[in-house]
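Notes for the one structure printed next.
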Number of protein chains: 2
Amino acid sequence: MQLAGSKGACSDCSLFSLCLPKGLDDEHVRRLDEILQRQRPLRRGDVLFREGDGFRAVYAVRAGALKTYTISRDGEEQVTGFHMPGEMIGLDAVSLGEHPCEARALETSSICEIPFPELEELARAIPDLQRQLLRLMSKEIFQDHEMLHALARRNAEERLAILLLNFSERFARRGLSATRFRLPMSRSDLSNYLGLAPETMSRLFRRFQEQGWLHSRGKEITLKEPASLERLAGHCQERPCGRPTLSGPSSAD
Amino acid sequence: MQLAGSKGACSDCSLFSLCLPKGLDDEHVRRLDEILQRQRPLRRGDVLFREGDGFRAVYAVRAGALKTYTISRDGEEQVTGFHMPGEMIGLDAVSLGEHPCEARALETSSICEIPFPELEELARAIPDLQRQLLRLMSKEIFQDHEMLHALARRNAEERLAILLLNFSERFARRGLSATRFRLPMSRSDLSNYLGLAPETMSRLFRRFQEQGWLHSRGKEITLKEPASLERLAGHCQERPCGRPTLSGPSSAD
DNA sequence: CGATGGTTTGACTTACCTCAAGAACAGTGG
DNA sequence: CCACTGTTCTTGAGGTAAGTCAAACCATCG
C-alpha cells in the first residue's frame with residue numbers, strides 16, 4: 001500500500017464505501033473509487049480546511065482522526081465532532097457553499113478527498129448512491145439530535161458515559177476492541193465537545209476510575225464495567241434498532 | 001383556496017419549493033407539486049407521526065407550527081425542533097427508515113406530505129432538485145451544529161437571545177414582522193428546547209422585559225431592542241454570509 | 001535540560017435547578 | 001355570562017452541580 005503523491009486515483013481504498021451504509025454493489029464501488037483523490041497524509045495539528053474555505057469536496061477518513069470545530073468571534077473554539085476512520089467530513093458545507101467549520105488532524109491521518117460535483121454527478125447516475133448519500137446526511141442529522149439531547153438534558157457524568165460508549169461502538173465497528181482503546185483527542189477537546197470545563201472532565205475520569213468502571217492512563221482507556229456506563233447513559237442511548245450492548249462478558253479484544 | 005379532502009394533487013401550493021433554497025425553475029416546481037399529497041389539517045395537539053413510525057414521506061409545513069421531540073425511556077421529552085411554514089419535517093428519518101422523533105402540532109396546521117420514494121425518483125430526473133435536497137439536509141446539519149454550540153457554551157440569557165433572533169429571522173423570511181410576532185409554543189417547550197427549566201425561562205423573560213429589550217404578553221412578543229439581543233447572542237450568531245441584522249431603525253411592521 | 005502546553009487537584013463561587021405556593025389563563029358546562 | 005377545573009406561568013427560597021481561579025504536576029519536545 002504505497003502512499004503516492006497528493007493526487008491520483010485511489011484504487012486500493014474502497015474506503016469511501018465504508019462511510020456509506022451497505023448496499024452498493026462492487027461495480028459501483030469501483031466507479032466511486034475512481035473519483036477519489038488521495039491526499040498527502042496530514043500530521044498532528046495540520047488543517048484540512050478552514051472556516052470559510054470554499055466547498056469543493058467532502059472527505060473520508062482512511063486512518064487517524066480529526067476534529068471539526070467552529071471559532072466564535074472572541075476566538076474560543078467549539079468542537080462539533082470527532083471523525084474516525086470510515087467516517088465522512090464536510091457534509092455541513094453543502095448548503096452554504098463554504099465550510100462552516102475548521103477540520104484539524106488529531107494525529108497523523110490519511111484522507112481521501114471526494115470532489116463534490118463529481119459525487120453529485122455519480123449519484124445521479126447511480127440511484128443507489130443517491131440514496132446512500134441522503135441516508136448518510138440524514139444519519140448525521142439524527143446523531144446531532146441525540147447530541148442535542150445529551151447536552152440539554154444530561155448531567156456531566158451521563159454525558160461522559162454516553163461519549164465513551166459512543167467511541168466504544170465506533171471502534172468496535174472498525175473491528176477493534178470495544179473495551180480497550182486509545183482516545184486520540186485531548187481531555188480539553190473532549191470536555192469542549194461535551195460542553196464542560198476541562199477540570200470537570202478530569203474529575204469525572206477520576207470518579208469513574210474510583211468506581212472501578214474504567215481504567216484510564218493518559219489517552220488509553222479500558223472500560224471495565226460497560227454495564228455501569230450504560231446504566232448512566234441509560235434513557236437517551238436506547239436505540240430502536242437492537243444494537244448489541246457491551247454488558248455481560250465482553251467478547252472484545 | 002378550498003381545503004379539500006385528505007388526498008389529491010396540491011396544485012395551488014408550490015409551498016414545497018419554499019422549503020428549498022431558490023434555484024428551481026417553474027417547470028420543476030410544477031412536477032414537484034404533482035407528487036405532493038395534501039393532508040387534512042392538524043389541530044393543536046394532533047400527532048403527525050410517532051417515534052418508530054415507518055418512514056414513508058417527509059412533510060412540508062404550509063401553515064401553523066409543529067414541534068418535534070424524542071421521548072426517553074423514563075417518559076420525559078426532549079424538543080428537537082420547531083417547524084414553521086415553509087419548513088420541512090422528517091429528514092432525520094431517511095437513514096433509519098423510521099422516524100426517530102415524534103411530531104405534534106402546536107396549533108391548527110396544514111401540512112403537505114411528500115412521499116419519499118417519489119421524491120428520490122424525481123431528484124434523479126431533475127439534477128437541480130437533487131442538489132437542493134442535499135443542500136436542505138446539509139443546512140439542517142449546519143443549524144444543528146449551531147444549536148450544539150449554543151447549548152454547550154452559552155448561558156441561559158444568551159440562549160434565549162439566540163432563539164428569539166432565530167425566530168425573528170424566520171418570521172421575517174415569511175414576510176412577517178421581525179419585531180412583533182406570536183410564539184406558537186409554550187414556555188416549557190421553549191425551555192425544554194434550550195435545555196433550561198421552565199422557571200428559568202420565565203425569569204429570563206422578566207429580566208429581558210425589565211431591561212426594556214422586549215415586551216411579552218403571553219405568547220405575543222415585541223422586540224424593542226434587537227441590538228441588545230444581538231449583542232448577547234453575539235459571538236455565535238455571526239454568520240459568514242452577510243445576513244442583515246435587525247439593529248438600527250427597524251424596517252419591520 | 002528547561003520551556004511549553006495539557007492535566008490534575010483543591011478551594012471557592014455562581015448560575016441554574018428544584019421544590020413549593022400563588023396567579024393567570026383556557027376550556028367546559030351550567 | 002359566570003363559576004369550576006385543570007393547565008401553564010410566575011415568583012420566591014434554598015440547594016447543588018459545575019464553573020472559575022490558582023497552583024502544582026507531568027509529558028513532550030526542541
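Being a predicted model, the structure only gives us computed values, none of them experimental. A, B, ... follow the sequence lines: proteins, then strands. Residue 1 opens every chain.
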C/dA15 P sits how many Å from B/Glu158 CD, rounded? 12 Å

Between atom NZ in A/Lys67 and atom C1' in C/dG6, what is the gap in whole Å? 12 Å

Calculate the interatomic distance between A/Glu77 atom CD and C/dG5 atom C1'; express it in whole Å. 14 Å

Does A/Glu107 have any salt bridge (Lys or Arg N to Asp or Glu O under 4.0 Å) partners at least two apart in sequence or in another chain, and if so, which? A/Arg182

Between the opening five pairs and the closing five pairs of the helix from C/dT7-D/dA24 to C/dG30-D/dC1, how far apart are the helix axes, to 10°? 50°

Base, backbone or nothing for each nucleotide of nucleotides 18-30 of chain D, written B, S, -, heavy atoms under 4.0 angstrom, 5' to 3'? SSBBB--------

Which value, rounded to the nearest 0.5 Å, describes the distance between A/Arg62 atom CZ and A/Cys112 atom SG? 5.0 Å

Going by heavy atoms in the side chains, are A/Thr70 and A/Thr80 under 4.5 Å from each other? yes

Any chance the side chains of A/Glu77 and A/Tyr69 put a donor and an acceptor closer than 3.5 Å? no

Please table the atom pairs, donor to acceptor, closer than 3.5 Å between any side-chain atom in residues 208-215 of chain B and protein atoms at least two apart or in another chain.
residue	atom	partner	partner atom	Å
B/Gln209	OE1	B/Ser216	OG	3.3
B/Gln209	NE2	B/His215	ND1	3.3
B/Glu210	OE2	B/Arg206	NH1	3.4

Report the relative orientation of the aromatic rings in A/Phe82 and A/Phe167; use parallel for angles under 30°, tilted for 30 to 60°, perpendicular for over 60°. tilted

What is the distance from CD of B/Gln209 to P of D/dT11, rounded to the nearest Å? 9 Å

In the structure I gave you, are the side-chain heavy atoms of B/Glu76 and B/Ile71 within less than 4.5 Å of one another anywhere? no

Check the phosphate of D/dC9 against B/Ser188, side-chain N and O only, distance under 4.0 Å to OP1 or OP2. Yes or no? yes

Rounded to the nearest Å, what distance is computed from the CZ atom of residue B/Arg153 to the P atom of nucleotide C/dC16? 14 Å

Checking D/dT10, C/dG6, C/dT9 against the side chain of B/Arg187 (C-beta onward), the nearest is D/dT10

Using a cut-off of less than 4.0 Å, is there contact between a side-chain N or O of B/Arg206 and OP1 or OP2 of D/dT11? yes

What salt bridge (Lys or Arg N to Asp or Glu O under 4.0 Å) pairs are there with at least one residue in residues 185-204 of chain A, not counting sequence neighbours? A/Lys67-A/Asp189

For A/Arg207, what residues pass the salt bridge (Lys or Arg N to Asp or Glu O under 4.0 Å) criterion, not counting sequence neighbours? A/Glu157

